[in-house]
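A short write-up of the structure that comes next.
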Amino acid sequence: MIGFPLPRRATVITLCLPVAVLASLALSNPTASPPVGHPPPSADWRENVRAFAEAHLQHTAWGPAHGRRDYEMTLRLAREEGVTVDDDALYAAAYLHDMGGIPPYAKAGVDHGDRSAQLVDSVLRDAGFPMEKAALVKEIVDHHQYYRPADTLAVAKLFRDSDILDFLGAIDVARIVSLTTREKFTPDLPHAIEAVRQNMLKMPGLLQSSAAKREGERRVAEMQRYLDELASETDSLKALQ
């Protein structure tokens, strides 16, 4: 249209349009509340989920720090395996997968993974999570347990591997020792150290991905060095308690 002047009427409309748009924007209320029953979408849903976990799911062995490690390790394994994962679903699942094992959310007789899957919808909806991905979150959550067969979904397999890896290495020692006197399987320090040894022996065989197996080998060696040093300093663990 360069070189062709607009008709006068079109010129008036063109000049008035911005004023009309500005007037419309001025009359609108950007802070108006959404309809009741429809939580507002949130660009900060990740912060909301993390904040919920930090406020309500604190635990030395399977709290928010454990969730963060699982999230970051799954991303690492995915890169090494060449697997594409849904980062949103993975993040939400990582922070909420053990929710059902922590009071007051735990329910007697219900596996903590199953319980978590029952509860996550309400947390995600309140956080402003894109709920079309909620089913994937629940699938990851409900298949993370090391004592269950792995899911067929790639991201669920890698997340399960990541969760198992947190039962290996120096971090496992810290987590299990932190449970001493707090759990039935760790009534005292000798029992806690035995649990560490059992994890070192049993967990590597449950890993599926090649990347996780490589990391598992490194962590097993780390644990063995720790146990050897502990034995040398405690008369073969006889002076542990």
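Quick caveat: nothing in here was measured; it's all calculated off a predicted structure. Note that the numbering runs from 1 along the sequence shown for the chain.
- The side-chain contact (heavy atoms from CB on, under 4.5 Å) test with L230 is passed by exactly one of V196, I193, V173: I193.
- A donor-acceptor contact shorter than 3.5 Å links the side chain of S116 to the backbone of M99.
- Here the closest non-hydrogen pair linking L124 and A92 is CD2-CB, 3.7 Å.
- No continuous path of ILVMFWY side-chain contacts below 4.5 Å connects W62 to I171, so the two sit in separate hydrophobic clusters.
- Between the side chain of D86 and the backbone N or O of A89 there is at least one donor-acceptor pair closer than 3.5 Å.
- Side-chain contact annotation: R182 with T60, donor-acceptor N/O pair under 3.5 Å present.
- Checked for salt-bridge contact, R219 and E215 meet the test: a charged N lies under 4.0 Å from a carboxylate O.
- We find the CZ-CG distance between F167 and N199 to be 6.5 Å, quoted to the nearest 0.5 Å.
- Taking a cutoff of 4.0 Å between a charged side-chain nitrogen and a carboxylate oxygen, E72 and R76 do not qualify as a salt bridge.
- D98 and Y105 are not linked by any side-chain donor-acceptor pair at a separation below 3.5 angstrom, with hydrogens and angles left out of the test.
- Residues V110 and Q118 meet the side-chain proximity criterion, which asks for heavy atoms closer than 4.5 Å.
- Side-chain atoms of R175 come within 3.5 Å of backbone atoms of D166 as a donor-acceptor pair (strictly under, hydrogens ignored).
- The CG atom of L75 sits 11.0 Å away from atom OH of Y91, with the distance rounded to the nearest 0.5 Å.
- T186 places no side-chain N or O within 3.5 Å of a backbone atom of A192 that could act as its donor or acceptor partner.
- E81 contributes a side-chain N or O that, together with a main-chain N or O of A211, makes up a donor-acceptor pair within less than 3.5 Å.
- For D121 and K138, the salt-bridge test passes: some basic side-chain N is under 4.0 Å from an acidic carboxylate O.
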Step by step, work out the side-chain contact (heavy atoms from CB on, under 4.5 Å) result for S232 and E229. CA-CA 5 Å; S232 70; E229 290 295 332; 3.9 Å; yes

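- Checked against a 6.0 Å centroid threshold, the rings of Y95 and Y71 do not count as neighbours.
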For D87 and R46, what are the C-alpha separation, side-chain angles and deciding distance, and is it a side-chain contact (heavy atoms from CB on, under 4.5 Å)? CA-CA 11 Å; D87 193 82; R46 290 185 182 229; 2.5 Å; yes

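- Not a single ring pair (Phe, Tyr, Trp, His ring centres under 6.0 Å) links H143 to another residue, sequence neighbours left out.
- Ring planes of H144 and F159: perpendicular class, angle over 60° (limits at 30 and 60°).
- Side chains of E194 and Q198: a donor on one and an acceptor on the other come within 3.5 Å.
- In this structure a side-chain-to-backbone donor-acceptor pair under 3.5 Å is present from R160 to L206.
- Contact check on D114 versus R148 returns a salt bridge, with a Lys/Arg side-chain nitrogen under 4.0 Å from an Asp/Glu carboxylate oxygen.
- Here the CG atom belonging to L57 is positioned 5.0 Å from the CD1 atom belonging to I102, to the nearest 0.5 angstrom.
- Atom NE2 of H59 and atom OG of S178 lie 7.0 Å apart (nearest 0.5 Å).
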Quick one: do V155 and L136 satisfy side-chain contact (heavy atoms from CB on, under 4.5 Å)? Show the steps, please. CA-CA 9 Å; V155 64; L136 178 55; 4.3 Å; yes

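- Between the side chain of T234 and the backbone N or O of L240 there is no donor-acceptor pair closer than 3.5 Å.
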Residues F129, D88; criterion side-chain contact (heavy atoms from CB on, under 4.5 Å); working and verdict: CA-CA 9 Å; F129 179 78; D88 290 340; 4.3 Å; yes

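- Taking each heavy atom of L207 and K213 in turn, the nearest pair found is O-CE, 3.2 Å.
- Of the possible polar contacts, one joining the D161 side chain to the S209 backbone as a donor-acceptor pair under 3.5 Å is found.
- Side-chain N or O atoms of D188 include one that pairs as donor or acceptor with a backbone N or O of H191 at under 3.5 Å.
- Closest heavy-atom contact between T74 and S162: OG1-OG, 2.9 Å.
- Judged by distance alone, with hydrogens and angles left aside, the side-chain atoms of E222 form a donor-acceptor pair with the main-chain N or O of A170 at under 3.5 Å.
- Side-chain contact check for D111 versus R115: every heavy-atom pair is 4.5 Å or farther apart.
- For H66, the ring pair (Phe, Tyr, Trp, His ring centres under 6.0 Å) partners are H97, not counting sequence neighbours.
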